[in-house]
Amino acid sequence: SGVERLGEMIAEAKVIVPFTGAGISTECGIPDFRSPGGIWTRNRPIEFGEFVAHQEARDESWRRRFAMEEVFAAAKPGRGHRALASLYRAGKVPAVITQNIDNLHQASGFAGEHVIELHGNTTYARCIGCGQVYPLDWVKRRFDEEGAAPNCTACDEPVKTATISFGQMMPDEEMQRATALSRACDLFIAIGSSLVVWPAAGFPMMAKDAGARLVIINREPTEQDDIADLVIHHDIGEALGPFVGN
Ligand code: OAD
Ligand code: ZN
């Protein structure tokens, strides 16, 4: 089966780079974006330009984030996260490239510097002007006191979750590190992503072009199934469960 073949490919590989999307965290209770019931099937994304320009967009963005707080706070790593952490501890995975913002790779045992977050992290906030970091409960308190999304105490620019919105610049260092890893691995595994959001979706192809084997694990077909060496259309927890070690 596909999972057996994946086991052989993992055994044969020297450097494995996993690339994850929202599908790896759905079993942890966090909705993805494009499945039925996904975030973008319910709400239109608030683009970075709107966030910068309009207080109302900032308020709405923070209301949405606060509404998700219980979900994010309760989420624990799933079987996919734990399988990747096992391969990391075994020395097969130097780092994980993720589009996710939920901090669950860190929670599963990856050191922070080995989680390359292309789209940032939603578990803290940052000033879009000076970069000052704020805890979410600071934002919540200020929002409740003022009835509106707060600005930075240092420079008075808006404070935003430390995530990358549509229309916002990609983080330079993360893009460079993801590029180098994609080119250096011999097995690249795309897990739980529809592979439609660029530039992130360019990494599987980059790895393939540089000579790596490409595996895609996703419940539904993706944009890039046709270039993969192995496609596993299966539940991620089921597909990666056998690789959860100790
Ligand atoms: P998507 O919602 O586009 O894709 C998630 C994929 O995971 C879907 O194809 C699902 O079928 C699949 N899936 C969900 N649960 C699964 C499970 N348990 N087992 C197997 N497959 C499962 O999410 P991403 O590709 O991560 O960016 O989205 C990419 C980017 O779009 C996000 O990082 C975010 C979003 O807009 C920004 O906001 C900048
Ligand atoms: Zn500031």
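Side-chain contact of K208 with Q224: a donor-acceptor pair under 3.5 Å is absent, judged by distance alone. Between the side chains of Y124 and T161, not a single donor N or O lies within less than 3.5 Å of an accepting N or O. H234 and N218 share no donor-acceptor pair across their side chains, judged by distance under 3.5 Å alone. Using modelled atom types and a 3.5 Å distance limit, the side chains of T122 and R65 yield a donor-acceptor pair. A donor and an acceptor atom, one from each side chain of S25 and D102, are located under 3.5 Å apart. Residues E157 and Q132 have side chains that never bring a donor and an acceptor to within less than 3.5 angstrom of each other. Between the side chains of K76 and S108, no donor N or O sits under 3.5 Å from an acceptor N or O. Counted by atom type alone, T222 and S194 present zero donor-acceptor pairs between their side chains at under 3.5 Å.
Hydrophobic clustering, with ILVMFWY side chains joined whenever heavy atoms are under 4.5 angstrom apart, keeps L187 apart from V231. Cluster annotation: I39 is not connected to I101 through the hydrophobic network of ILVMFWY side chains, with a link wherever side-chain heavy atoms come within less than 4.5 Å. Linking ILVMFWY residues whenever their side-chain heavy atoms come closer than 4.5 Å, directly or via other members, places I232 and I191 in the same cluster. Under the 4.5 Å side-chain heavy-atom criterion for Ile, Leu, Val, Met, Phe, Trp and Tyr, I227 and L195 are members of the same hydrophobic cluster. I116 is not connected to I24 by any chain of hydrophobic side-chain contacts under 4.5 Å among Ile, Leu, Val, Met, Phe, Trp and Tyr, and they are in different clusters.
Ion pairing between a basic and an acidic side chain is recognised when a charged N comes within 4.0 Å of a carboxylate O; R63 and E56 show such pairing. A salt bridge links E60 with R64: at least one charged nitrogen is closer than 4.0 Å to a carboxylate oxygen. Note on E8 versus R5: salt bridge recorded, some NZ/NE/NH1/NH2 to OD/OE distance being below 4.0 Å. A salt bridge links R44 with E50: the closest approach of a Lys/Arg side-chain nitrogen to an acidic carboxylate oxygen falls below 4.0 angstrom. Using a 4.0 Å cut-off between charged nitrogen and carboxylate oxygen, R79 and D235 count as a salt-bridge pair.
Nearest approach of H81 to L104, heavy atoms of both residues: NE2-CB, 3.5 Å. Of all heavy-atom pairs between W138 and V159, the closest is CZ3-CG2, 4.3 Å. What you find for C155 and C127 is that their closest heavy atoms are SG-SG, 3.4 Å. Closest non-hydrogen pair, N100 versus A22, comes out as OD1-N, 3.1 Å. Here the shortest heavy-atom pairing between S35 and T41 reads O-CG2, 3.2 Å. In terms of heavy-atom proximity, T179 sits nearest to M175 at OG1-O, 2.7 Å.
Between C152 and C130 there is a side-chain heavy-atom pair separated by less than 4.5 Å. A heavy-atom distance below 4.5 Å is found between the side chains of P18 and V93. Contact annotation: the side chain of H119 never approaches that of P171 to less than 4.5 Å [non-hydrogen atoms, C-beta and beyond]. Within the 4.5 Å cutoff, the side chain of F143 has heavy atoms near those of the F66 side chain. The closest side-chain heavy-atom distance from C185 to I16 is not below 4.5 Å. A 4.5 Å side-chain heavy-atom check between V215 and M9 finds at least one atom pair inside the cut-off. Under the 4.5 Å side-chain criterion, counting only non-hydrogen atoms from C-beta, I189 is in contact with I217. No side-chain heavy atom of T98 sits under 4.5 Å from any side-chain heavy atom of E174.
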Handout entry: Verdict with reasoning, H233 to D225, per side chain to side chain donor-acceptor pair (under 3.5 Å)
Key = CA-CA 10 Å; H233 285 157; D225 287 2; 2.8 Å; yes

Practice task
Test F166 against V197 for side-chain contact (heavy atoms from CB on, under 4.5 Å), laying out the working first.
Solution key: CA-CA 10 Å; F166 288 111; V197 174; 4.1 Å; yes

Practice task
Start with the C-alpha gap between K92 and K14, add the side-chain angles, then the distance that decides, and say whether side-chain contact (heavy atoms from CB on, under 4.5 Å) holds.
Solution key: CA-CA 6 Å; K92 283 233 165 192; K14 289 197 175 62; over 6 Å; no

Practice task
Run the numbers on H54 and I46 for side-chain contact (heavy atoms from CB on, under 4.5 Å), then give the verdict.
Solution key: CA-CA 11 Å; H54 303 292; I46 296 168; over 6 Å; no

Practice task
Show your working on side-chain contact (heavy atoms from CB on, under 4.5 Å) between L181 and F203 and close with a plain yes or no.
Solution key: CA-CA 9 Å; L181 279 163; F203 291 112; over 6 Å; no

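Listed for the R58 side chain is a donor-acceptor partner under 3.5 Å among the backbone atoms of V52. For R183 (side chain) and A210 (main-chain N/O), no donor-acceptor pair under 3.5 Å exists by modelled atom type. Formation of a donor-acceptor pair under 3.5 Å by the D186 side chain with backbone atoms of V15 is found in this model. With hydrogens and angles disregarded, a donor-acceptor distance shorter than 3.5 Å links the side chain of Q55 to the backbone of A149. Side-chain N or O atoms of R213 include none that pairs as donor or acceptor with a backbone N or O of D229 at under 3.5 Å. Within the 3.5 Å criterion, the main-chain N or O of F48 finds no donor-acceptor partner in the side chain of S165. The backbone N or O of A111 lies less than 3.5 Å from a partner atom in the side chain of Y88, making a donor-acceptor pair.
Around CD of E113, the count of heavy atoms belonging to other residues, nucleotides or ligands within 6.0 Å exceeds 12. Under a cut-off of 6.0 angstrom, the local environment of CD in E4 is sparse, with at most 12 non-hydrogen atoms contributed by other residues, nucleotides or ligands.
Atom NZ of K160 sits about 4.0 Å away from atom CD of Q168, to the nearest 0.5 Å. Expressed to the nearest 0.5 Å, how far CD1 of I30 lies from CZ of F72 amounts to 5.0 Å. The distance from atom CG of L87 to atom CZ of R89, rounded to the nearest 0.5 Å, is 9.5 Å. Taken to the nearest 0.5 Å, the CE atom of M170 stands 10.5 Å off from the CG atom of D172. Atom CD of residue E69 and atom OG1 of residue T123 lie 9.0 Å apart, to the nearest 0.5 angstrom. Atom OG1 in T153 sits 7.0 Å away from atom CZ in R142 (nearest 0.5 Å).
Between W40 and F33, the two ring planes are tilted [angle within 30° to 60°].
If you look at F188 and F19, their ring centroids are closer than 6.0 Å.
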